[in-house]
Amino acid sequence: MAKIIVTSAWPYVNNVPHLGTLIGSLLSADFFARAMKLSGHDVIYVTGSDEHGTPIELEARKRGIEPRVLTDQIHEYDLKLFNEFNIEFSLYSRTESEVHKEFVKEMLMKIYNNGYIFEQTDILPYCPSDKMFLPDRYVEGTCPYCGYEHARGDQCDNCGRLLHPTELINPHCVLCGATPIFKETKHWFIDLRRLQGRLEEWLVNHKHMPDNVKKYSLSWLETGLKPRAVTRDIKWGIPAPFPGAKDKTIYVWFDALLGYVSATKEYLAMKTGNPDEWKKWWFDQETRTYFFIGKDNIPFHSIIFPAMLMASGDPYVLPYFISATEYLTFKGEQFSKSRGVGVWVDEALEIAPADYWRWVLARVRPEQRDMNFSWSEFYRIVNSELNDTIGNLVHRVLTLIYRKLGGKMPCKPKIDNEDEEMLETVREKAWSVVQKYEEVKIRAATEGILSIARIGNQYLNSTEPWKHVKSNKAKATSVLWIEANILHLIALTSWPIIPNASTRLWRMLGQKHEISEAQWSYIDRTPDKCVEIPQPEPLFNKLPEDFLERADQILDEAREKARLKRPPALKEYRVVG
RNA sequence: AGCGGGGUAGGGUAGCCUGGUAGCCCGCGGGGCUCAUAACCCCGAGGUCGGUGGUUCAAAUCCACCCCCCGCUACCA
């Protein structure tokens, strides 16, 4: 039994997450964490709200409220939605938690005391009317190279050149339009250069890191790491603990990444009463840590996070596996809040139950390339896969048992060679699904589940037990017993993806214990014999035939319903930058 | 521009690392079954694997160059 820590990128609480965020981080982590629980491993899944940083401070300022008021509301709302989505966290924390804030300060002081932090004075744009330093992206002006008028302070979107805000012609503040002045300000930098060698050695020799993460990270290292500022000139955040850094806060990334550790600490302290329990996990080199993120996040997890762990001088276990998905697009476009492109988590739940979404998103998980979400795919996956292939198999088998075998699972089924072979085949399939989960190949796992259902349908068609119930009851009974075993395997293997449906199926099979207590080893067991089963009910319902014609309208209605339930802070939220 | 990922039948995708007659799902055509949510099963048509050139007995797979899509490029998070 291994200790496994599963985490996912912390949702930034300026918004309700959309489907892309959900499948890239939270949901994928949940699939995996659940699968590992069935393996009998000791699994912790922690994540939480990322609530500091400039966008949130600005939004609060615009409304004349404290940032914390804003993040309280959104944190609570997000958490409610994730629960409705059946994401089974050990703890969903937040970066405003006391444990987290203390942990970040301690950690950064360790890094400081180990000599990895140095001070440097920069000249940065400052908006005199907003009275704040402007992050590069909050300054716009004319590109000195191509003349594009909306070049940002860090880069020109038109010609792609990297810029420094001082280079912009006619620079202005994105918030108020005023001309920024350039002012001196001191910041604290982590010297990543000094960790370059250790990071390189770690990554090059890493046995489990997926290729996309490894290649990307190594190319960063090849370019050479640069020092990176860990402080910011804003009020909303964790106060920088360094001597002389009174008015500075910690840059959100250095804050949020450490949440992986602090949330583990918080959870285990609550669970065991021992505030140091977390060290048994994070300081144990045998612990496996899994990170679920989108492709835009790779270097933060593969370089900056491990760099911090190394720089602390404590014996942290470094990331074991980073699963970085590509992007989910909506009708071929990127999700966009401002243009209303996409589906948000609360809207999704107004359209279909959580299990449907969980299954659909698992099926279109962008594991190798960007994946498109379209209503026609949604419709196909729900109706053809969930309903026809899986749901209908469940229903036809259970109905046969209910009507032809007196509503009772066989007591002493006599299994012939053909049955025996079938059982072996599907058990092998089920084990291969487990293997896919372990490799974090979620789509392949769902593919395997479907193929088990298809095999079940084929076997039923070829053996025709409905014909044999009178002429050869023994054979009909044994075939249905094998089919019951197949449903048992479907319930087990699909539990990480569609826990509700799986649990219902488990009960319809009359099982005595709960599926959440099951283990993968049950694959080689039979379901309980001789037990009564309840009258079967459809596991899923189809989307109506006119769904595709009405999809846009359905989304509009769902959007309106969801909007009414949103907390005040989200009703008309707009993010700048 | 640099770096990383991707481009496979009408649609959606697997295979690529570790070369050896291109697999699966939907859709389409034909047939079967009637237990089941008009569901299920079988058979068939449909692909010169983005382009060009190279390595090899053999290339979707390896190499080079080119075209197109996505991301990142260190102060958005």
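Values reported hereafter were calculated over all heavy atoms of this structure, with side chains retained and with hydrogens, waters and symmetry mates removed.
Put simply, the side chain of A:Asn457 and the base of B:C41 share no donor and acceptor less than 3.5 Å apart. The base of B:U73 does not come close enough to the side chain of A:Arg152 for any donor and acceptor atom to sit less than 3.5 Å apart.
The residue among A:Glu537 and A:Phe189 whose nearest nucleotide of RNA chain B is located toward the 5' end is A:Glu537.
Comparing B:A39, B:U34, B:U13 against the side chain of A:Asn392 picks out B:A39 as the nearest. Closest approach to the A:Gln368 side chain among B:A74, B:G6, B:C25 is made by B:G6 (side chain taken as heavy atoms from C-beta onward). In the set B:G4, B:U37, B:C70, the nucleotide with an atom closest to the side chain of A:Ser219 is B:G4.
Considering all non-hydrogen atoms of both residues, A:Phe118 and A:Gln120 come closest at CE1-OE1, 3.4 Å.
A:Glu447 pairs with exactly one of A:Arg365, A:Lys429, A:Arg363 by the salt bridge (Lys or Arg N to Asp or Glu O under 4.0 Å) rule, that one being A:Arg363.
Listed by residue number, A:Lys215, A:Tyr216 are the residues of residues 206-218 of chain A with a heavy-atom contact under 4.0 Å to RNA chain B.
Side-chain N/O atoms of A:Arg380 include none lying less than 4.0 angstrom from OP1 or OP2 on B:G12.
Residue A:Trp10 is out of contact with every strand shown, counting any heavy-atom pair closer than 4.0 Å. A:Asp122 comes within contact range of at least one nucleobase, with a heavy-atom separation under 4.0 Å.
Rounding to whole angstrom units, CZ of residue A:Phe300 and C1' of B:G4 are separated by 15 Å.
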